[in-house]
Protein chains: 2
Amino acid sequence: MTASSPGLHGSVLDALGMRLVTDDLAPGRVLTLEAIAREYAVSRPVAREAIRVLQSMGMVASRRRVGVTVLPRSDWHVFDPLLIRWRLDSPERSAQLLSLSELRRGFEPVAASLAAERATAEQCSVLAAAASDMLVHGRAGDLEAYLDADVVFHRTLLAAAGNEMLRSMAGVVAEILAGRTHHGLMPSRPNPRAIELHDAVARAVREGDCAAAEAAMREIIDEAASAMRVELGE
Amino acid sequence: MTASSPGLHGSVLDALGMRLVTDDLAPGRVLTLEAIAREYAVSRPVAREAIRVLQSMGMVASRRRVGVTVLPRSDWHVFDPLLIRWRLDSPERSAQLLSLSELRRGFEPVAASLAAERATAEQCSVLAAAASDMLVHGRAGDLEAYLDADVVFHRTLLAAAGNEMLRSMAGVVAEILAGRTHHGLMPSRPNPRAIELHDAVARAVREGDCAAAEAAMREIIDEAASAMRVELGE
DNA sequence: CCCTTGCAAAGATCAGATCATTTGCGGCAG
DNA sequence: CTGCCGCAAATGATCTGATCTTTGCAAGGG
């Protein structure tokens, strides 16, 4: 997902962001801009600019005579790609992936349904080709290439939904899929049923069958959840 | 939803944000910090800080020797509460509400299902009370009080899901509900069926019946969509 | 035409200063 | 003792001037 700015601004922002996410800077903690500038050996504007961004993310609040107070997590803008990034890079990676997975259970079937109404001919082609690639690479046990095809499939589907908010979830899905593949939560050979279901989604989309697309997508997600439970030895 | 900072920073940020959203500053357009500072009659750091926030929202990119370029909308972080706010306050209010409604179709049934697993006793009480309030105020035709109870219901349900991302959607739902009430898209007396369905969700949640909660929530949303189509004369 | 070099434009950062707001403390009055 | 008011100090908000860094563009040469 997102990376932040190069330069001092970006590094101070990332450093503070990570400390917030790891509770090194716990809610209620008060810093001053002066102290931040000193600690990171940067000038005050650099500290200010980083704090401005964190403020816009609901993570801190600035008050005169008080300083910069860390806000409760319930105020944080949890959809911010920077925050998602920091959480994924922190000890709470699993928790973030779980949250994202639960969220995905909601939005992706709806995206499939909307895609069945709105997909372009080209998008239908890309979906069909990606499903085919998944079959080929799944058979060959090439998990990395399977992942690539899987990501292309979902990104295209989310774009085909014609809703910019759903489309922007492509990064989330990519993280979930990559997380599964890269943390040994993926069977050595993907379940053929999963591949069939992807194909079923692609078919339903090009046939304009909303209900079928949605149902198949739901099954894909349920299958992935079961497969992950198996890999976790539950 | 969110309001931005007081002071010059907040006003410059809002002004620029609105101009971006309304395409007054169209993608590809290039500004300089110098020009922004001059135009808004503020010092350079104020302009810089506003641009920093817009940058972190994916709306602009700064390059030396070029200036500040407006990025394509596909780069914008569409879940940012500030951006949602600006869009809702702009001529594209309807489009934003539609996007949010489509999104809601995805996440709220999942929230209901998770709430059935995770709700506290107190949350169950609040849900029951809110559903009761909706009945009372709906009967009396007091749409404003009905809206309040409706918002409390959904906010509580989203919190009961125990997923911080779903919980943060409470603002979205409130906007959708308020948008309906305040733009004459709400029948003068709410459909008793809608109220029954809210009660069904509340019941399913306290009984821990995930599937029933999810199904009833789905019906609530579908009913709301039909009701809105009726009001729009479709 | 392509590559290299140099210059200038504009962001990034630093430093110093002033202004504005708010909080905390002390003193006074009831 | 408690509450209210005033003042000073703390810290963010903003301004101004300067320097550093990066990079885009133009010109020249092969």
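The sequence lines fix the lettering, A, B, ..., with proteins before strands; numbering per chain opens at 1. As the structure is a prediction and not an experimental result, all values here were calculated from the model. Reckoned from all heavy atoms, side chains included, excluding hydrogens, waters and symmetry mates.
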TODO: May I have the distance from A/Leu8 (atom CG) to D/dC20 (atom C1'), rounded to whole angstrom?
DONE: 12 Å

- [ ] Mind running a 4.0 Å heavy-atom check of residues 45-52 of chain B against DNA chain C and sending the residues that fall below it, in number order?
- [x] B/Arg48, B/Arg52

Open item on the list: Looking at the base of C/dA10, is there any donor atom on it, or on the side chain of B/Arg63, that sits under 3.5 Å from an acceptor on the other one?
Closed with: no

Open item on the list: salt bridge (charged side-chain N to carboxylate O under 4.0 Å, His left out) for A/Glu175 and A/Arg87? Distances and angles first, verdict last.
Closed with: CA-CA 12 Å; A/Glu175 281 292 335; A/Arg87 289 181 71 193; over 6 Å; no

Task: Minimum-distance nucleotide to A/Ser62 side chain [options: D/dA13, D/dC15, C/dG11] - done: D/dA13

- [ ] Give a yes or no on whether a donor-acceptor pair under 3.5 Å exists between the nucleobase atoms of C/dG16, that is its base, and the side chain of A/Arg44.
- [x] yes

Task: 5′-ward residue of the pair A/Val66/B/Leu33 relative to DNA chain C - done: B/Leu33

Task: Donor-acceptor pair (no angle test) under 3.5 Å: A/Arg65 side chain, D/dA9 base - done: yes

Task: Distance in Å, B/His198 NE2 paired with B/Asp133 CG, rounded so as to fall on 0.5 Å steps - done: 12.0 Å

Open item on the list: Suppose we screen for salt bridge (Lys or Arg N to Asp or Glu O under 4.0 Å). Which residues come up paired with A/Arg19, at least two apart in sequence or across chains?
Closed with: A/Asp24, A/Glu39

Task: Of residues 34-43 of chain A, the positions that come close to DNA chain C - non-hydrogen atoms, cut-off under 4.0 Å - done: A/Val42, A/Ser43

Open item on the list: Using every non-hydrogen atom in the two residues, find where A/Phe79 and B/Met165 come nearest and quote the distance to one decimal.
Closed with: CE1-O, 3.4 Å

Task: Minimum-distance nucleotide (side-chain atoms of B/His9 versus D/dT14, C/dG11, C/dT21) - done: D/dT14

